Amino acid sequence: MSWVLGVDSGGSGLRIALGSTAGGQSAGVRTIGTTAAAEPVRTGPTGIDPGHLLAQLLPAVEALLARAGTDTLSAVAIGAAGMATLGGGLRAELPTALERSLGVRRLALAADAVTAYAGALGQRPGAVVAAGTGMIALGTDLTGWHRADGWGHLLGDCGGGAWIGRAGLEAAMRAHDGRRGGSPALLSRTEAVFGPAGELPGLLYPRTDRPAVLASFAPEVARCAASDPVAAEILALAARHVADAATAVCPASGTPEVALTGGLFKLGDPLLVPLRAELAEQLPHATVVSAAADPLTGALRIAAELAKDSLRLPYDPRLLYVPTHQDR
């Protein structure tokens, strides 16, 4: 038996899981204990702050190891939002720091989309769409990674929660002005949630959490979709955007699987019905499946495969970084 650690670092904080694996290439990983830190890891001018991550991670790991009655870790996998573009400091400092503090020599640093993939599909070829406030698609044929969108609410995240919420609020403001394309139903929900429509810019623009505020209106769009054609069209277009991203990254041959993961899909049938139709049209050779597990479990799975020298997901300096001893 070996002990492995999975970490999921995102906007809501740090989640950590300790697992155990039995011998053999086909053995799985069993979660022994989990813990969390509510404070998100800070991001500064140089990217994700490795010191702040370690300050939260190490005491939590020591407590988990003590409860499990062990002091040895075979491998660690850390999935972090922003790793691809903001993870330079983590890649530079964590390998040495974790070997020194925890004695671990096998480490994987992954973008959160990669741990979402590993949780959803394991090590099978296919595509995963991770959608909540934002939206990113990631696919692989197990020789390389392909990414689509995930560029933030100003440049992309098309079809994600902030995109849907913003489109719904725009339709509300059109109705407020008397312009074509407006939705009285969405205007009514806007004023019920935020107050008078004319005051919305003053409430929204100063916020530093604008994407989350926009995304908070997405469920209102979904609730209106059954009786409001404008809201229904917004969700149909969101579904098209999500399917476009999945198509861009999904392997073009074979029998790949496509998994949907993230809070956006809790909107239910108003989004899922048009999305399934779009996926069937754009990806007739693929099978849409339910995500098997979440990104934290995905990180734990990556650590377990790394411990057994059986990690088949493609290495990538930004998406899935597995340092060698020479890198330390």
Side-chain angles (χ1 to χ4, degrees), residues 11-12 129-137 148-248 258 260-283 288 290-291:
S12 59
V129 177
T133 297
M135 194 283 298
I136 185 171
D149 214 331
W151 305 122
H153 75 292
L154 293 178
L155 299 177
D157 285 355
C158 298
W163 186 96
I164 292 171
R166 191 214 59 80
L169 291 172
E170 180 190 342
M173 300 310 291
R174 286 179 173 273
H176 174 265
D177 296 345
R179 291 179 286 151
R180 287 189 302 173
S183 166
L186 290 171
L187 175 60
S188 175
R189 293 312 306 152
T190 295
E191 295 193 320
V193 173
F194 295 107
E199 298 178 8
L200 184 59
L203 292 172
L204 183 61
Y205 291 151
R207 297 284 293 261
T208 58
D209 59 344
R210 281 188 302 276
V213 176
L214 292 170
S216 73
F217 196 68
E220 301 293 342
V221 179
R223 291 186 189 103
C224 291
S227 57
D228 180 50
V230 174
E233 179 57 30
I234 289 170
L235 291 175
L237 184 54
R240 194 169 307 131
H241 284 312
V242 171
D244 287 346
T247 301
V258 178
L260 309 175
T261 184
L264 182 72
F265 301 112
K266 294 178 182 178
L267 294 181
D269 284 351
L271 176 63
L272 292 176
V273 169
L275 177 55
R276 291 189 187 108
E278 288 283 349
L279 290 170
E281 180 179 347
Q282 296 192 40
L283 291 170
V288 179
S290 299

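As the structure is a prediction and not an experimental result, all values here were calculated from the model.
- We find the OG1-CD distance between Thr247 and Glu281 to be 9.5 Å, quoted to the nearest 0.5 Å.
- Put simply, the side chain of Leu204 does not reach to within 4.5 Å of the side chain of Phe194, judged on heavy atoms.
- Taken from CD1 in Ile164 to CG in Leu237, the straight-line distance is 9.5 Å, to the nearest 0.5 Å.
- Counting only residues at least two apart or in different chains, salt bridge (Lys or Arg N to Asp or Glu O under 4.0 Å) contacts with residues 197-206 are absent.
- Trp163 has its side chain out of reach of Met135: every pair of non-hydrogen atoms, C-beta onward, lies at least 4.5 Å apart.
- Contact of the Leu260 side chain with the Leu272 side chain is registered, since non-hydrogen atoms from C-beta on lie closer than 4.5 Å.
- Of all heavy-atom pairs spanning Ala245 and Ala148, the tightest one is O-CB, 3.7 Å.
- In terms of heavy atoms, Gly168 sits closest to Val221 at CA-CG2, 3.8 Å.
- Interatomic distance, Met173 CE to Leu187 CG, rounded to the nearest 0.5 Å: 8.0 Å.
- Every residue meeting the side chain to side chain donor-acceptor pair (under 3.5 Å) condition with Ser183, not counting sequence neighbours, appears here in chain and number order: Asp228.
- Rounded to the nearest 0.5 Å, atoms CG (Leu264) and CG (Asp157) are 10.5 Å apart.
- With hydrogens and angles disregarded, no donor-acceptor distance shorter than 3.5 Å links the side chain of Glu278 to the backbone of Arg240.
- Ala246 and Val258 make their closest contact through CB-CG1, 4.5 Å (heavy atoms, listed as atom of the first residue, atom of the second, distance).
- Heavy atoms only, all atoms of each residue included: Pro201 and Pro206 are closest at O-CD, 3.8 Å.
- Across Ala162 and Leu214, no two heavy atoms sit closer than the pair O-CB, 3.7 Å.
- Residues Leu169 and Glu220 are not in side-chain contact: their nearest non-hydrogen atoms beyond the backbone lie 4.5 Å or more apart.
- Summarising the geometry, atom CG belonging to Leu271 is positioned 6.0 Å from atom CG belonging to Leu235; distances are rounded to the nearest 0.5 Å.
- Formation of a donor-acceptor pair under 3.5 Å by the Ser188 side chain with backbone atoms of Pro184 is not found in this model.
- Closest approach of Val242 and Gly159 over heavy atoms only: CG2-O, 4.0 Å.
- To the nearest 0.5 Å, the span separating CZ on Arg223 from CZ on Arg189 amounts to 7.0 Å.
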